[in-house]
*Asks:* 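After the structure tokens below, expect a handful of questions from me.
Quick caveat: nothing in here was measured; it's all calculated off a predicted structure. Below, chains carry the letters A, B, ... as their sequence lines are ordered, and counting in each starts from 1.
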Number of protein chains: 2
Amino acid sequence: MGEGYREEGDQMASDRGQRKSTIYDIATSTGTSPSTVSMVLNGTWRRYRISESTAERVLGAARAIGYAVNMKARGLRLARSGLAGMIMPHYRNRFFAGLSESFEAGARERGFCPMVVSTQRRPETEREVVERLLSHQVEFLFIVGVARPEPLNDLCRAAGTPCVNIDLPGANAPSVVSDNRGGAAMLTGLLLDKIAATGGGAGSGGADLHFLGGVAGEYATEERVAGFQEAVAGHGFTVSKTHIHRCGYSPATARQTVEEMHHRLGGMPAGLFVNSITAFEGAIQFFKSLEPDAFRDRFIGCFDWDPFAAFLPFPVTMLRQNVEAMIDQAFVYMEEYRVDACPMVKIPPQFGPSGTVPRHG
Amino acid sequence: MGEGYREEGDQMASDRGQRKSTIYDIATSTGTSPSTVSMVLNGTWRRYRISESTAERVLGAARAIGYAVNMKARGLRLARSGLAGMIMPHYRNRFFAGLSESFEAGARERGFCPMVVSTQRRPETEREVVERLLSHQVEFLFIVGVARPEPLNDLCRAAGTPCVNIDLPGANAPSVVSDNRGGAAMLTGLLLDKIAATGGGAGSGGADLHFLGGVAGEYATEERVAGFQEAVAGHGFTVSKTHIHRCGYSPATARQTVEEMHHRLGGMPAGLFVNSITAFEGAIQFFKSLEPDAFRDRFIGCFDWDPFAAFLPFPVTMLRQNVEAMIDQAFVYMEEYRVDACPMVKIPPQFGPSGTVPRHG
DNA sequence: GGACAACGCTAAATCCATTTAGCAAATCGG
DNA sequence: CCGATTTGCTAAATGGATTTAGCGTTGTCC
């Protein structure tokens, strides 16, 4: 074969209607060759001594028909897709929504088209989506909030695609997580201070402070429990295992757990450390049934942030994970990616609301 | 040219390291041709009389090297990218988060890889992102919450890509929106009934019910104002323009507006219709400063839903837009897309929480 | 035994953009 | 006026998967 581009004879291919226009169309209509068109559109034409007048002619024709490059073809040729992938459990809280938006901004800044897909925490979906993204040749992949990211890391490695774990760490890729332990210790310390200031809290050496939510054995939960216990011990209290309720993340079980706790104690504890916004949602479902007075001198902390939770009828201290810093770090890891290096960094969370809107990108 | 696939002589191309594996690799390693491999991997091999044993051999080799099809190449050949695009303002509320997740589930069900990109309501970003998605050959595009979608619709039309507007309608593509007018009338009626039941509300023929938030001239706002007024009139009250505060969507201005209103009235009105969750966020910033008693026999409604807002220290009636139905309808429009038809459908919103988790996909 | 079908597979064109090697014409130097 | 250079552009290969047309071999049937 090798007839190159379309010759005279079928000039009017445009009557095929909705076919997308290509550089061949532009070449025919301007009486030039596809190479010329490609060079002009890529801005490399000066280097190949295409004349100013030809360049203008081509550019004009391209604009006239609203030409847009076919990234499929370009990507195939250049082995660069221009796609940046990220998977995450869902978008239904500020942490994930913020990660998503920061990622998109960062990807766009770097000239990629962001591709975020949610997987509803289903391992099978996670795997399928990663395979899909890889087959679309994403140039790197951020894996957010996956309990066991190693199989996904391996998939990426097999495809030669850099990846970074975010929120939950994994052994087979660089990981960026919140400083769960430090943050939990900080929040716990703050609650203990508040309790102490009101003169309450110490019953027979143990602090009247409970930990609610999370999954036993899960990285983030155990880190936070450790920070919690560390702070409790640091304040001179003994640590009681019975004060720690790893009841999962679902609002329903958190609600039930907090209700039972309330029943057992005959009222609210002096302090409550809630491990996530979803557990918090469950807790306040129960709180709703209590008198406002039940919260006098009671202090609640939450390792997550939501604008509405800040306006509840009792004081809540919220920890906001530093979404922007996490994403920035993830990009750094991605840029210096080597298959053999799997560092892990812990980003300190911050108190209070502060904006979740990412940098403009 | 035309040497087809790699001949003897460079069998060991695999020493090039990280190159992704192709059907040519499989063909060489199994002693077959790329065509055969392609047919086997696509499941069309029986139709072309490939023997069972060859098929097994090829399949085995593919699995062994972890072969994944290159969607770039396939897409180029088939003029089908397998990509489904959606743009939306952001993910920071349940409405958008829900749309996003429903879309992803629907796209996956239909065999597409979803590609959701947020544009922060910046028209320039919207345009850029749409161009990008089109150049990646998305097979259709959902455009969510864009004030003036027509230029984007035109871009899609030029590319021969079907698109559907969601949340805010546009003249140049099918549109799926909430029944803003009907929903607003429903919510307004409910507030008026509650007010009437407490015996309050009627001051010199006008209802003591205010409308807060939204942008003058914007489609959704004006529809909701119309529904609001319709219901007020329907209850036998005269409609007062001074009760309608289109103060935008930002929490800050909503807060200020509601504060001024409170000052002017010397207290809370009997009813308050809040036009969006962000305006609501601003309003409760102010409410926080009031005594709980200020809300006795006061009724608040919000044309949006958030799980936390439901647990505030005063009753709020929330309208939840029917995200799943909207996305379903959008897929229907997409499937029966014709460039000349631009229908619009209004999906009734619903009271109360109900889940935002989309169908499993 | 010769025509024909069935079988099992492959060659080659195609999708579109990129890029290197190189061709023909114009210009220049001497 | 001839060889050398510059100018302005094009041919053709490339990337990976798909798909139609068709090739060689074996088996069947009259």
Side-chain angles (χ1 to χ4, degrees), chain A residues 1-7 10 13 16 19-28 30-58 62 67-82 134-137 159, chain B residues 1-7 13 16 19-28 30-58 62 67-82 135-137 159:
Chain A
M1 65 126 278
E3 97 183 80
Y5 53 107
R6 290 175 187 79
E7 313 264 316
D10 64 353
R16 270 227 278 134
R19 201 173 48 82
K20 279 158 193 164
S21 48
T22 71
I23 54 169
Y24 295 86
D25 300 333
I26 300 180
T28 338
T30 56
T32 58
S33 75
S35 346
T36 305
V37 175
S38 176
M39 287 157 177
V40 169
L41 295 179
N42 282 302
T44 59
W45 54 281
R46 280 183 189 289
R47 194 144 59 77
Y48 290 94
R49 299 186 311 234
I50 305 297
S51 70
E52 197 100 20
S53 68
T54 306
E56 271 168 29
R57 204 148 36 92
V58 168
Y67 172 81
V69 68
N70 182 334
M71 290 299 284
K72 285 244 146 40
R74 155 183 289 181
L76 183 58
R77 185 65 238 269
L78 299 183
R80 283 204 63 227
S81 66
L134 290 175
S135 82
H136 282 285
Q137 318 292 115
Chain B
M1 65 127 282
E3 97 183 80
Y5 53 107
R6 290 175 186 78
E7 312 264 314
R16 268 228 278 134
R19 202 172 47 82
K20 278 156 192 164
S21 48
T22 72
I23 55 170
Y24 295 88
D25 301 333
I26 300 180
T28 337
T30 56
T32 58
S33 75
S35 346
T36 305
V37 175
S38 175
M39 287 158 177
V40 170
L41 295 179
N42 283 302
T44 58
W45 54 280
R46 281 182 190 289
R47 195 145 57 77
Y48 290 95
R49 300 185 311 232
I50 305 297
S51 71
E52 199 100 19
S53 68
T54 307
E56 271 167 29
R57 204 150 33 91
V58 167
Y67 172 82
V69 67
N70 182 334
M71 290 300 285
K72 285 246 146 37
R74 155 183 289 181
L76 183 57
R77 183 65 240 263
L78 298 184
R80 283 205 63 226
S81 65
S135 82
H136 281 286
Q137 319 292 114

*Asks:* Measure from CD1 on A:I50 to P on D:dT10 and round the result to the nearest Å.
*Replies:* 7 Å

*Asks:* Let's go through B:L41 and B:V69 carefully: what are the C-alpha distance in whole Å and the side-chain angles of both, what is the deciding distance for side-chain contact (heavy atoms from CB on, under 4.5 Å) to 0.1 Å, and is it a yes or a no?
*Replies:* CA-CA 9 Å; B:L41 295 179; B:V69 67; over 6 Å; no

*Asks:* From CG of A:D25 over to C1' of C:dC16, roughly how many Å is that when rounded to an integer?
*Replies:* 10 Å

*Asks:* By side-chain hydrogen bond (donor to acceptor under 3.5 Å, both in side chains), which residues pair with A:S135, not counting sequence neighbours?
*Replies:* none

*Asks:* Side chains of residues 48-55 of chain B: which donor-acceptor partners sit under 3.5 Å, not counting sequence neighbours?
*Replies:*
{"unit_1": "B:S51", "atom_1": "OG", "unit_2": "B:S53", "atom_2": "OG", "d": "3.3"}
{"unit_1": "B:S51", "atom_1": "OG", "unit_2": "B:T54", "atom_2": "N", "d": "3.3"}
{"unit_1": "B:S51", "atom_1": "OG", "unit_2": "B:T54", "atom_2": "OG1", "d": "2.8"}
{"unit_1": "B:E52", "atom_1": "OE2", "unit_2": "B:R46", "atom_2": "NH2", "d": "3.2"}

*Asks:* Please round to 10 degrees the angle between the axis of the first five pairs and the axis of the last five pairs in the helix from C:dG1-D:dC30 to C:dG30-D:dC1.
*Replies:* 60°

*Asks:* Would you give a per-nucleotide map of nucleotides 17-22 of chain D, 5' to 3', where B means the base has a protein non-hydrogen atom under 4.0 Å away, S means only the sugar-phosphate does, and - means neither?
*Replies:* BBBB--

*Asks:* Mind checking what makes side-chain hydrogen bond (donor to acceptor under 3.5 Å, both in side chains) contact with B:T36, not counting sequence neighbours?
*Replies:* B:S33

*Asks:* Tell me whether the OP1 or OP2 atom of C:dC9 has a side-chain N or O from B:S51 closer than 4.0 Å.
*Replies:* yes

*Asks:* Specify the separation, in whole Å, of atom CD1 of B:I26 and atom C1' of D:dG16.
*Replies:* 12 Å

*Asks:* Using heavy atoms to find the nearest nucleotide of DNA chain C for B:G31 and B:L76 separately, return the residue whose nucleotide is more 5′.
*Replies:* B:G31

*Asks:* I'd like to check A:T22 versus A:D25 (side-chain heavy atoms, cut-off strictly below 4.5 Å). Are they in contact?
*Replies:* yes

*Asks:* Please output the side-chain donor-acceptor pairs of residues 73-81 of chain A that fall under 3.5 Å, not counting sequence neighbours, one pair per line with the distance.
*Replies:*
{"unit_1": "A:R74", "atom_1": "NH2", "unit_2": "A:N42", "atom_2": "OD1", "d": "3.0"}
{"unit_1": "A:R80", "atom_1": "NE", "unit_2": "A:E139", "atom_2": "OE1", "d": "3.2"}
{"unit_1": "A:R80", "atom_1": "NH2", "unit_2": "A:E139", "atom_2": "OE1", "d": "3.2"}
{"unit_1": "A:R80", "atom_1": "NH2", "unit_2": "A:E139", "atom_2": "OE2", "d": "3.3"}
{"unit_1": "A:S81", "atom_1": "OG", "unit_2": "A:L83", "atom_2": "N", "d": "3.1"}
{"unit_1": "A:S81", "atom_1": "OG", "unit_2": "A:Q137", "atom_2": "O", "d": "2.6"}

*Asks:* What salt bridge (Lys or Arg N to Asp or Glu O under 4.0 Å) pairs are there with at least one residue in residues 31-43 of chain B, not counting sequence neighbours?
*Replies:* none

*Asks:* I'd like to know if the side chain of A:T28 and the backbone of A:Y24 have a donor-acceptor N/O pair within less than 3.5 Å.
*Replies:* yes

